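Remember, predicted model here, so these are calculated numbers, not experimental data. So you know, we letter chains A, B, ... as the sequences are listed, proteins then strands, and number each from 1.
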Amino acid sequence: MSIKIYNTLTKKKEALETLQPGKVSMYVCGPTVYAEAHVGHAMSALVFDIVRRYLEYRDYEVRHVTNYTDVDDKIIQRAAVEGVDPIQIAQRYIDEFDRHLKDLNILTASEYPRATEEINSIVEAVADLVEKGYAYPLNGDVYYRVNKFPGYGKLSGRKIEDMEAGFRIEVDERKEHPLDFALWKSAKPNEPSWPSPWGNGRPGWHIECSVMCQSHLGDQIDIHGGGNDLIFPHHENEIAQSEALHGKKFATYWMHNGMMQLSGAKMSKSVGNLVTVDNFLEKYEPGVLRMMILNSSYRSPLTFNEETIGHAEKALKRLRSALRPALPKDGWEKGDLQKKTDQVIKLFLKSMDDDFNSAGAMGHLFDFVKEINLARDKGADPEYLLAAQDVLKELTGVLGLELELPEAQAGDAGQYIDLLIEIREKLRENELWELSDIIRDKLEERDVILEDTSQGTTWRWK
RNA sequence: GGCGACGUAGCCAAGUGGUAAGGCAGAGGUCUGCAAAACCUUUAUCAUGGGUUCGAAUCCCAUCGUCGCCUCCA
């Protein structure tokens with residue numbers, strides 16, 4: 001059985017065949033760091049975290065590189081407004097983004113290159129493109145000659161002629177072709193700039209990624225990822241640059257995540273319909289955002305609203321219901337949970353192998369939750385139950401979900417809660433309901449939920 | 001206007017030729033002192049109209065609608 005990946009380049013699901021057996025090189029476009037990150041940015045990071053975790057679970061050695069674009073018009077603008085150095089702006093939001101990645105339980109990438117640290121390689125690449133005839137200098141700028149690259153448009157499915165027809169923005173008359181894009185931009189006063197053969201300037205956005213990808217992963221990579229808003233022009237241009245430079249196919253698989261939707265449109269800074277990662281995490285635990293993504297297809301748009309968030313919270317709770325300890329009783333039972341356990345692993349793999357179909361995989365996990373709960377209700381042996389629960393934790397862990405709450409892992413409150421339960425038992429035996437309800441209510445205020453069953457009382461964290 | 005994706009129950013959503021997973025919400029029930037949780041039962045013919053096929057949510061065509069890209073963008 002092999003993993004299938006939907007490839008934007010071919011518009012088909014294809015079996016994963018890596019350049020080197022057992023190894024995957026993956027480059028994912030990171031954010032431009034000029035403002036607070038919103039949950040849409042987080043979505044992209046989460047999607048590719050899930051991809052990476054799953055590939056690793058399937059025994060691939062994954063080299064995962066994500067860049068930070070730390071020099072660009074908006075960063076410069078922001079710096080001007082605040083009256084600080086653009087580098088400071090970039091650093092501030094990079095630090096913040098790093099923190100979000102940790103908070104969201106996203107595995108650390110192999111490397112996080114930054115454009116400003118790769119200027120030399122970028123200048124070399126641009127010079128190389130000029131030399132090869134794929135680019136031309138123009139008054140201190142350098143432009144990519146789109147017509148020179150025969151495959152231009154192959155990723156986005158566009159034809160150069162079609163795009164000319166519908167061209168809406170004002171065209172820079174100096175350029176040879178309206179679609180020619182900047183590889184190098186000449187410096188304006190008070191802008192960060194670096195020396196180059198064409199004068200002081202800074203790199204264009206697209207060439208950064210081509211160069212960083214090349215310098216950290218090589219001329220050819222297995223997977224290139226990013227949001228589907230980057231397909232054109234960013235990724236199209238990356239292909240044009242990289243393939244012109246190296247004369248080989250750039251990335252084998254192009255993966256794109258769908259856009260986070262808020263109020264019926266793509267969440268974005270420019271529209272202003274956004275929820276920042278910090279805003280989100282003030283109100284919800286990190287697993288909720290991950291669950292929203294897991295419960296749908298990574299390629300589809302994801303609606304962000306109170307209702308869909310609520311669904312994800314409930315879903316998380318439901319998974320956790322299967323982790324409750326065995327009922328306190330004598331005379332344990334066995335069942336066919338072992339068989340179900342083997343089954344769920346197979347079904348989980350089958351779904352995830354199919355282009356990371358996490359929603360399908362979640363369906364199987366929920367089925368498994370029901371089986372575990374059923375076994376528990378029937379009075380399953382604690383060890384027996386634990387074995388199944390471990391599998392559930394393992395599989396959800398592959399998706400990056402942490403079912404066990406930190407308090408539950410750390411606290412030594414358990415012995416005191418047990419003590420309260422014991423006292424409450426006495427009260428209940430004497431039908432002192434009011435007093436026993438006070439204990440239950442007060443514990444719930446402290447996030448401890450008591451559950452009375454015919455076999456006795458158990459507790460769990462809320 | 002061009003390119004692409006999508007349209008499955010009240011909501012979210014899986015399923016790409018063989019007769020509709022799962023979650024939330026709703027209804028009824030079991031358990032409970034009450035509750036919560038869990039468990040059991042129950043809720044759709046797959047945007048619309050044609051076509052291909054023994055058979056289609058699944059393939060083809062058309063229509064309507066939503067979203068993305070064509071300008072910075074995860």
Side-chain angles (χ1 to χ4, degrees), chain A residues 8 11 13 28-32 34 37-48 66 69 72-74 153 156-159 161-170 179 205 225-234 236 256-261 264-271 291-292 295-297 299-303 305 307-322 324 327 347 351 354 357-370 372-374 376-378 428 431-434 436-437 440-441 444 449-455 458 460 462:
Chain A
T8 308
K11 305 207 172 28
K13 282 183 196 171
V28 180
C29 285
T32 300
Y34 73 101
H38 57 68
V39 290
H41 296 119
M43 175 177 176
S44 190
L46 280 163
V47 163
F48 290 100
T66 287
T69 296
D72 126 298
D73 291 344
K74 286 182 178 168
S156 54
R158 292 152 204 259
K159 294 191 185 95
E161 311 85 74
D162 291 348
M163 286 189 275
E164 279 180 84
F167 223 76
R168 293 189 317 211
I169 57 159
E170 75 251 42
L179 288 171
W205 175 39
N228 67 13
D229 55 347
L230 300 184
I231 294 172
F232 189 89
H234 186 54
E236 195 70 75
H256 293 99
N257 64 276
M259 293 293 105
M260 189 77 94
Q261 303 288 123
K266 180 176 81 164
M267 187 178 288
S268 73
K269 178 81 180 161
S270 46
V271 179
M291 183 57 94
M292 290 175 75
N295 250 334
S296 69
S297 161
R299 285 191 278 138
S300 303
L302 179 59
T303 304
N305 60 32
E307 197 174 14
T308 54
I309 296 169
H311 285 171
E313 282 186 297
K314 289 283 185 62
L316 211 48
K317 217 169 180 175
R318 168 110 188 115
L319 288 177
R320 287 187 175 128
S321 76
R324 294 168 304 158
L327 291 174
L347 292 169
S351 288
D354 182 13
N357 180 354
S358 57
M362 287 307 304
H364 299 306
L365 293 184
F366 284 119
D367 283 337
F368 191 47
V369 164
K370 183 168 284 185
I372 292 175
N373 283 334
L374 205 52
R376 187 185 109 111
D377 281 359
K378 286 180 183 162
R428 294 179 71 217
E431 302 197 354
L432 295 166
W433 307 126
E434 255 181 63
S436 67
D437 285 352
R440 186 171 66 191
D441 294 346
E444 183 171 355
I449 305 289
L450 296 192
E451 301 184 354
D452 298 325
T453 74
S454 51
Q455 268 86 32
T458 63
R460 63 180 166 84
K462 198 174 187 174

If the threshold is 4.0 Å, N to carboxylate O, is there a salt bridge linking A/Asp437 and A/Arg440?
yes

Just to be sure I understand the rule, does [X] reach a base, reach only the sugar-phosphate, or reach nothing, if contact means heavy atoms closer than 4.0 Å?
X	answer
A/His234	nothing
A/Gly30	sugar-phosphate
A/Asn257	base
A/Gly226	sugar-phosphate
A/Gly227	sugar-phosphate
A/Lys269	nothing
A/Met292	nothing

Euclidean distance, atom [atom1] of residue [X] to atom [atom2] of [N] [Å, nearest integer]:
X	N	atom1	atom2	value
A/Asp73	B/rU71	CG	C1'	12 Å
A/His364	B/rG23	NE2	P	12 Å
A/Phe48	B/rA74	CZ	C1'	9 Å
A/Tyr34	B/rA74	OH	C1'	11 Å
A/Lys74	B/rU71	NZ	P	14 Å
A/Ile231	B/rU71	CD1	P	15 Å
A/Glu313	B/rC11	CD	C1'	16 Å
A/Leu302	B/rA13	CG	C1'	11 Å

Which atom pairs link the protein and nucleotides 41-45 of chain B when you take only N or O atoms and keep those under 3.5 Å?
none

If you only use heavy atoms from C-beta on, which nucleotide in B/rG4, B/rG23, B/rC70 is closest to the side chain of A/Pro233?
B/rC70

Distance-only donor-acceptor check, side chains A/Asp72 and A/Thr32, under 3.5 Å:
no

List the protein contact pattern of nucleotides 32-37 of chain B with one symbol per nucleotide (5' to 3'): B for base contact, S for sugar-phosphate-only contact, - for none; contact means a heavy-atom distance under 4.0 Å.
-BBBBS

Provide the distance between the two [atom1] atoms, one in [N] and one in [M], to the nearest whole Å.
N	M	atom1	result
B/rA13	B/rG22	C1'	8 Å
B/rU30	B/rA37	C1'	13 Å
B/rG68	B/rA36	C1'	44 Å
B/rA9	B/rC3	C1'	33 Å
B/rC12	B/rU48	C1'	24 Å
B/rU58	B/rU53	C1'	13 Å
B/rG7	B/rG15	P	10 Å
B/rA57	B/rG50	P	15 Å

Please list, chain by chain and in numerical order, all residues satisfying side-chain contact (heavy atoms from CB on, under 4.5 Å) with [X], sequence neighbours excluded.
X	result
A/Arg158	A/Ser156, A/Met163, A/Phe232
A/Ala322	A/Val369, A/Ile372, A/Asn373, A/Leu392
A/Asp354	A/Lys13

For [X] and [Y], work out which heavy atoms get closest and say how close.
X	Y	value
A/Arg299	A/His256	CG-O, 3.7 Å
A/Met259	A/Gly227	CE-CA, 3.7 Å
A/Leu230	A/Cys29	CD1-CB, 3.6 Å

Atom [atom1] in [X], atom [atom2] in [Y]: separation rounded to 0.5 Å?
X	Y	atom1	atom2	answer
A/Met291	A/Arg318	CE	CZ	11.5 Å
A/Met362	A/Phe368	CE	CZ	13.0 Å
A/Asp73	A/Tyr34	CG	OH	11.5 Å
A/Leu347	A/Leu365	CG	CG	10.0 Å
A/Met260	A/Ser268	CE	OG	13.0 Å
A/Ser44	A/Asn257	OG	CG	4.0 Å

Are there any protein N/O atoms within less than 3.5 Å of an N/O atom in nucleotides 25-30 of chain B, and if so, which ones and at what distance?
| residue | atom | partner | partner atom | Å |
| --- | --- | --- | --- | --- |
| B/rA25 | OP1 | A/Lys314 | NZ | 2.8 |

Restricting to side-chain hydrogen bond (donor to acceptor under 3.5 Å, both in side chains), what partner residues turn up for [X], sequence neighbours left out?
X	value
A/Ser436	none
A/His311	none
A/Glu313	none
A/Asp377	none

With a 4.0 Å limit, can you tell me whether A/Thr32 has a side-chain N or O closer than that to the phosphate oxygens OP1/OP2 of B/rA74?
yes

Using the closest heavy atom to pick a nucleotide of RNA chain B for each, name whichever of A/Gly363 or A/Cys29 lands nearer the 5' end.
A/Gly363

Short heteroatom pairs, N/O only, protein and nucleotides 66-68 of chain B, under 3.5 Å:
| residue | atom | partner | partner atom | Å |
| --- | --- | --- | --- | --- |
| B/rC67 | OP1 | A/Gly264 | O | 3.3 |
| B/rC67 | O3' | A/Gln261 | NE2 | 3.4 |
| B/rG68 | OP1 | A/Lys266 | N | 2.9 |

Within the sub-3.5 Å range, which N or O atoms of nucleotides 14-16 of chain B have a protein N or O partner, and how far apart are they?
| residue | atom | partner | partner atom | Å |
| --- | --- | --- | --- | --- |
| B/rA14 | O3' | A/Asn357 | ND2 | 2.8 |
| B/rG15 | OP1 | A/Asn357 | ND2 | 2.8 |

